[in-house]
Structures are given as C-alpha cells and as structure tokens.
Asks: 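I'd like to ask some things about the structure below.
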Amino acid sequence: MWPDRRLIDLFKTEFPIVLAPMAGAMDAEMVIAAAQGGALGSLPCAMISAEKAREQVGLIRQRVKAPVNMNFFCHTPAELTAEAEARWKQRLASYYTEHGLDPAAPIAAANRAPFDAAFCEVVEELKPEVVSFHFGLPEQALLKRVKAAGCLVISSATTVKEAVWLEERGVDAVIAQGAEAGGHRGMFLTDRIAEQPGTFALVPQVADAVKVPVIAAGGIADGRGIAAAFALGASGVQIGSAYLRCPESRLSAGGRNALAEARDDSTVITNVMTGRPARGVQNRLMREAGPVSPDAPPFPHAATALGPLKAAAEKQGRVDFTNLWAGQAVALGREVPAAELTRDLAKSALARLKALAG
C-alpha cells in the first residue's frame, strides 16, 4: 500500500518510519515501544559509554525481535582554549550568582563522544541491523569495519551536496534533514546555518540527486507530513518531536510542560546550549544570550558550564538552561504510548495517500 517500499524492504520493518535518535530524551524503552509499533527504533549512543550501549541493546533484544539502529556522532572534537572558556564563564557569571553557584567549582565535562575504535568494537559485537551517523561519516577504516559487520549505514544530509557525498561513500540510505528538524543540524560540509534548506525544498532535490532511498526528516509529525514526504520523493520518514511527550520519553515534568505549551513559533536554531547549531524550544538562556552567540565555545564545550545551572533550575521545576531539542512541528505531538503513536501515524499516512491517489 506504500507507494515506495524500498525502505521497508531495506530495514525489514512494518512501516517506513524511523524513530529519530534523541540523545538525552530517550533510551531503550522508547526504542522498544516504537519497534513494537512497527518503526525502526534508534538508540542514541553519543552521550553514553560503550558499556551502557551494550546494556541498552541487550534490553532491546530481550523485548523485541525487530531491527535496531545504533546512532553515533562523528564530529572532530574541538579544543577548548582557556580564553574561550573564560569568555563563556564570564557570560554566564550572573546566572551562577543568581543561583548561588561557585563558578570555580570543578565541573564534569560535557559528554558528546564521536564514533571511535571502541564503539566500532561494540558494533562488531552487537551487529545492529542499522548504524546511523550524524555530522558526516567516520574515517574510512572504521566505516569499512561497520559494513563488514553486516550493518546497513545511513547518515544525515542537510544539503544536496552532503547527500551526494554520503552516497559516494557507500551509505544505504540518506536522511534529508530539513531546517525544521529538532536537534543538532547534521551539517558537515558547511557551517553556513542561514543557507540551510527546509524539508519541502530539500527532499525532492536530494531524491533527484541520489539513487539510494531518501528518508525525510524535519517538521513531520502526523500522517499529512508523512504523505507529503512520499509525494516529494522520499521512501520513508524520520520522526522525533512527535514522540517527545510519549510516556516512554525521559523528559522531566518541566520539559513535558514546556513541550505541551509549544506552538509553531516556539523553536529556534541556537548554539548556546552545546556550541553547535541545534533546534530546540526557546528557553531563558537562548533568549538572553542568543539564540546564536559568538561567546559560546565550540561543540560540545558550551554544555559543560551549563551543567550546574541546568541542575539548579530543574530543581525548581524550570527549564531555563535545559536543551529541549524539538522541531517546528512539536505542537503536533501527543501524549500517547510510542507503539500506539507509530501505528496511528502509519494508518493516518496511508489514508491520506489513498485519498490523494483517488
């Protein structure tokens, strides 16, 4: 019944829906529920250890026989200079004072680890059906090992040029990430955030430029969005924000309230939360220090000094310094179990596609 079955046949899932890997907002429970609903569940591994990844995949394998996607970042870590750190701490000094925090106290470094040999060993051991990457691809030797383990490889592109680059290096499908998408921009051949195309413009151009299946991402949160993605030439969709209010989400009560109140204009692209452009629900820090600030140190170091502020504010039920990554369609999210939401999305999309075909 789907007009393009390439992604379903490739992933061997019931529906051409990929649960977006949302680091910090979800874990194995969300992956299991989405997989039970018929989607490809994605486990975000950029903020967890290799040991934790093993544990999480073990939980998923115990509960479902569905394919699993392990997601990794593959950025090149940037050095934090003393000057950049001092400038950022100075920008945050008034917030530290307001919350009674000691700016000289030691802080645990923000954990956003790129894919490396240790994680590659985990992939070779666990053999997930799919491995997805953000910010390009890892070095050729590691990529070769991932493929040799029998894993399908997918990655995000924010421009046609990036999509072609990914296909040339052997990915099995390309995620076309429009500017509407929540979370970090997957950009890796450009840093020109103002030039990022939206999903409606990006997907058909990527579909024309590559032969592999295209997964549309960004601003898709219901059956209408899924049907539109197929009309534009996609073989499937990646959806994240629509799942954030599901009971399986790991968001705090304050975070859930902020999402429930979000509208179409509530999200912005910012660099003040981590040092790299990402779309999220606007909070106090984004309004007062950004949303884009030259004072923010490079990724992921901006997040380090925010740790104590985030913890202090969350204790008071506030999300002033919490990164609630979400896309422009976040207001379409619903408080239903992830498995039920997945089936509803697919059913609604098929009904819409049938109506359009009629």
Side-chain angles (χ1 to χ4, degrees), residues 18-34 41-53 55-57 59-60 69-75 77 107-115 119 132-135 156 177 181-186 217 238-259 262 267-283 285-286 296 299-315 317-327 330 333 338:
V18 179
L19 167 67
M22 298 177 284
M26 57 169 284
D27 57 14
E29 288 303 313
M30 178 83 83
V31 177
I32 291 163
S42 306
L43 180 70
C45 298
M47 292 175 65
I48 60 176
S49 66
E51 205 46 57
K52 185 70 172 176
E55 174 197 306
Q56 292 275 292
V57 173
L59 288 171
I60 296 164
N69 168 32
M70 292 181 74
N71 172 260
F72 300 94
F73 287 174
C74 45
H75 58 287
I107 308 170
N111 177 27
R112 306 285 195 286
F115 188 73
F119 263 127
S132 63
F133 294 105
H134 212 50
F135 312 135
S156 300
Q177 188 194 31
H184 285 98
R185 305 297 305 146
Q238 178 169 281
I239 298 177
S241 302
Y243 286 91
L244 285 171
R245 291 168 62 200
C246 293
E248 296 87 357
S249 160
R250 292 185 58 220
L251 290 185
S252 66
R256 288 176 182 276
N257 290 338
L259 290 176
T267 70
V268 295
I269 292 177
T270 181
N271 73 334
V272 299
M273 302 307 299
T274 66
R276 194 175 183 118
R279 182 178 292 281
V281 175
Q282 192 160 202
N283 60 22
L285 182 69
M286 294 179 199
F299 181 82
H301 302 296
T304 298
L306 293 177
L309 291 169
K310 175 184 174 182
E314 286 186 351
K315 277 182 185 174
R318 302 199 321 271
V319 289
D320 294 349
F321 307 96
T322 301
N323 49 321
L324 291 172
W325 299 142
V330 64

Asks: Can you tell me how far apart CG (Asp27) and CD (Gln56) are? Round to the nearest 0.5 Å.
Replies: 5.0 Å

Asks: Can you check whether Arg279's main-chain N or O pairs, donor with acceptor, with Thr267's side chain at less than 3.5 Å?
Replies: no

Asks: Determine the minimum heavy-atom distance between Val31 and Ile60, stating which atoms define it.
Replies: CG1-CD1, 3.6 Å

Asks: From Lys315 NZ over to Ser252 OG, what is the distance, rounded to the nearest 0.5 angstrom?
Replies: 14.0 Å

Asks: Does the structure place the NZ or CZ of Arg276 under 6.0 Å from the centre of the six-membered ring of Phe73, at an angle of no more than 45° from the ring's axis?
Replies: no

Asks: Between Gln177 and Ser156, is there a donor-acceptor pair closer than 3.5 Å when you use the side chain of the first and the backbone of the second?
Replies: no

Asks: With no hydrogens and no angle check, do the side chains of Ser132 and Asn69 hold a donor and an acceptor under 3.5 Å apart?
Replies: yes

Asks: Between Ala53 and Met70, which heavy-atom pair has the shortest distance, and what is it?
Replies: CB-CE, 4.1 Å

Asks: If every non-hydrogen atom of Ala338 is compared with every non-hydrogen atom of Met30, which pair is closest and at what distance?
Replies: CB-SD, 3.9 Å

Asks: Nearest 0.5 angstrom please: Met22 CE to Leu244 CG, how far?
Replies: 4.5 Å

Asks: Between Arg256 (side chain only) and Cys246 (backbone N and O only), is there a donor and an acceptor less than 3.5 Å apart?
Replies: yes

Asks: If you round to the nearest 0.5 Å, how far is SG of Cys74 from CZ of Phe115?
Replies: 9.0 Å

Asks: Work out which heavy atom in Phe119 is nearest to a heavy atom in Pro114; give both atom names and the distance.
Replies: CD1-O, 4.4 Å

Asks: Between atom CG of Asn283 and atom OG1 of Thr270, what is the distance when rounded to the nearest 0.5 Å?
Replies: 7.5 Å

Asks: Give every donor-acceptor pair under 3.5 Å between a side-chain atom in residues 317-326 and any protein atom, sequence neighbours left out.
Replies:
unit_1, atom_1, unit_2, atom_2, d
Arg318, NE, Asp320, OD2, 2.8
Arg318, NH1, Gln316, OE1, 2.1
Arg318, NH2, His99, NE2, 3.1
Arg318, NH2, Asp320, OD2, 3.2
Thr322, OG1, Glu314, OE2, 2.7

Asks: Please confirm whether the backbone N or O of Val330 pairs with a side-chain atom of Ser241, one donor and one acceptor, at under 3.5 Å?
Replies: no

Asks: By side chain to side chain contact (heavy atoms under 4.5 Å, CB included), which residues pair with Pro44, not counting sequence neighbours?
Replies: Pro21, Ala23, Met26

Asks: Is it true that a side-chain atom of Ser42 and a backbone atom of Leu19 form a donor plus acceptor pair closer than 3.5 Å?
Replies: yes

Asks: For Ala113, check side chain to side chain contact (heavy atoms under 4.5 Å, CB included) against everything at least two apart and list the hits.
Replies: Asn111

Asks: What orientation do His184 and Phe299 show, parallel under 30°, tilted 30 to 60°, or perpendicular over 60°?
Replies: perpendicular

Asks: Can you see which heavy atom on Leu251 is nearest to which on Ala25, and at what distance?
Replies: CD2-CB, 4.0 Å

Asks: Which atom pair, heavy atoms only, marks the closest approach of Ala28 to Leu43?
Replies: N-CD1, 4.1 Å

